[in-house]
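As structure tokens, the structure follows; a few thoughts come after it.
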2 protein chains.
Amino acid sequence: MAKHSHEDQVEQIMDRLAASGKRRTMSRQAVIKVIVDYHGHVSADDIATRVQKDFPSLDVSTVYRTLETLRELGIVERVWFADGSTVYHLSDHKHHHLCCERCGAVQELPISALKNLERFLLDEYGFETHQQPLGLFGLCADCRRSTRGDSS
Amino acid sequence: MAKHSHEDQVEQIMDRLAASGKRRTMSRQAVIKVIVDYHGHVSADDIATRVQKDFPSLDVSTVYRTLETLRELGIVERVWFADGSTVYHLSDHKHHHLCCERCGAVQELPISALKNLERFLLDEYGFETHQQPLGLFGLCADCRRSTRGDSS
DNA sequence: ACGTTGATGCAACTGACTGGCAAGAGCCAA
DNA sequence: TTGGCTCTTGCCAGTCAGTTGCATCAACGT
């Protein structure tokens with residue numbers, strides 16, 4: 001339950017890379033730092049843009065290759081939202097996303113929140129879902145309130 | 001509750017197009033026919049390939065434009081699966097999808113199946129989801145049985 | 001320091017999709 | 001039937017996210 005600083009987390013992930021025979025490089029460190037800092041919800045393009053502030057010559061292809069490497073090692077996961085967009089986040093921070101269509105806010109929803117649905121699908125359909133992070137779209141509490149105020 | 005033949009359904013949709021000031025064209029009819037025949041789960045590319053058997057000169061851009069027109073009129077909807085792929089289906093046949101990762105089978109799940117989840121999100125998070133069709137991945141009943149048989 | 005081999009930058013490429021434009025085809029009106 | 005207005009279409013070039021080939025570069029073990 002020890003709380004790690006972001007730097008520690010980055011180091012830890014670099015160690016996992018090294019332990020798998022991968023090399024410690026600046027590019028990888030920079031990409032990982034962005035993912036850790038953003039704490040979820042980063043698109044590949046976000047990462048590239050952000051990383052290129054510090055390393056202008058770093059190519060998107062490197063970002064994609066790094067993401068693929070991290071995915072292979074189970075360190076990050078890729079999520080597709082219901083609108084076709086995609087983001088990456090740390091695997092140990094797995095969660096669903098509630099995306100507000102009005103203000104764009106993305107709220108996290110613990111994986112456990114869909115336990116009931118899982119059980120239902122298994123009981124009723126014999127279908128065993130994976131704990132695949134979902135991106136659900138709708139209106140967040142704030143926007144719902146203001147919408148109610150605006151209309152009618 | 002009248003059961004319509006596929007031809008009737010296509011005609012009916014063509015009528016709705018005409019009623020909206022759109023023209024009745026072969027291309028549109030062909031695209032609609034494929035969507036109606038497939039009864040859901042068609043990708044734009046599926047449609048293009050299929051339609052081009054009858055109309056080889058029909059361009060993909062026409063398929064996309066037709067799909068967009070149909071979407072504007074609320075006749076078809078686009079769904080993004082959790083693996084990033086996308087399909088189109090008739091709006092009056094709205095449903096979620098249970099996609100088996102092993103055999104590729106796609107099972108339909110009524111929208112109502114997620115009512116409990118919706119209520120939960122509203123009560124617990126104040127988040128109002130839209131009835132957005134989802135594509136959930138996992139193992140279907142058949143594959144679950146055979147997997148149990150195979151391993152251990 | 002050195003050599004092996006994995007990692008990177010660059011650029012060309014893919015696949016899904018979009019937009020411009022001129023030619024073609026519905027539909028209405030005469 | 002014949003215009004003719006305007007929507008549709010085919011063609012093609014362009015965009016956008018992501019991938020791949022390849023020569024160069026730089027980690028890491030020795």
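Proteins get letters first, then strands, A, B, ... in listed order; numbering begins at 1 in each.
Both B/A44 and B/R23 sit near DNA chain C, but only B/A44 has its closest nucleotide nearer the 5' end. Along DNA chain C, the nucleotide nearest B/M26 and the nucleotide nearest B/Y64 are compared for position; the residue whose nucleotide lies closer to the 5' end is B/Y64.
Taking a cutoff of 4.0 Å between a charged side-chain nitrogen and a carboxylate oxygen, A/E68 and A/R65 do not qualify as a salt bridge.
In this model, the phosphate group of C/dT8 is approached by a side-chain N or O of A/T25 to a distance below 4.0 Å at OP1 or OP2.
Nearest nucleotide to the A/T62 side chain, out of C/dG9, D/dA17, D/dT9: C/dG9.
Distance, B/R28 CZ to C/dG24 P: 19 Å, rounded to whole Å. Going from atom CH2 of A/W80 over to atom P of D/dA17 covers 15 Å, rounded to whole Å. The distance between atom CG of A/L17 and atom P of C/dG6, rounded to the nearest whole Å, is 15 Å. Going from atom CZ of A/F55 over to atom P of C/dA7 covers 17 Å, rounded to whole Å. Counting to the nearest Å, the P atom of C/dA16 and the CG atom of B/D59 are 14 Å from each other. Residue A/E72 contributes atom CD, which lies 14 Å from atom C1' of C/dA7 at whole-angstrom precision. The nearest whole Å value for the distance from the CZ atom in A/R78 to the C1' atom in D/dT19 is 11 Å. Taking atom CD of A/E68 as the reference point, atom P of C/dT8 lies 14 Å away to the nearest angstrom.
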**Message:** Pair B/Q132, B/H96 - check side chain to side chain donor-acceptor pair (under 3.5 Å), show working.
**Reply:** CA-CA 8 Å; B/Q132 178 130 37; B/H96 300 291; over 6 Å; no
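The minimum heavy-atom distance between A/A44 and A/L67, with the atom names listed, is CB-CD1, 3.9 Å.
You'll find the ring centres of A/H89 and A/H97 inside the 6.0 Å limit.
Distance check: A/C99 SG to A/L109 CG gives 10.5 Å after rounding to the nearest 0.5 Å.
Nucleic acid contact class of A/S61 (heavy atoms, under 4.0 Å, all strands): base. Note on B/R65: a base of the nucleic acid sits closer than 4.0 angstrom, heavy atoms only.
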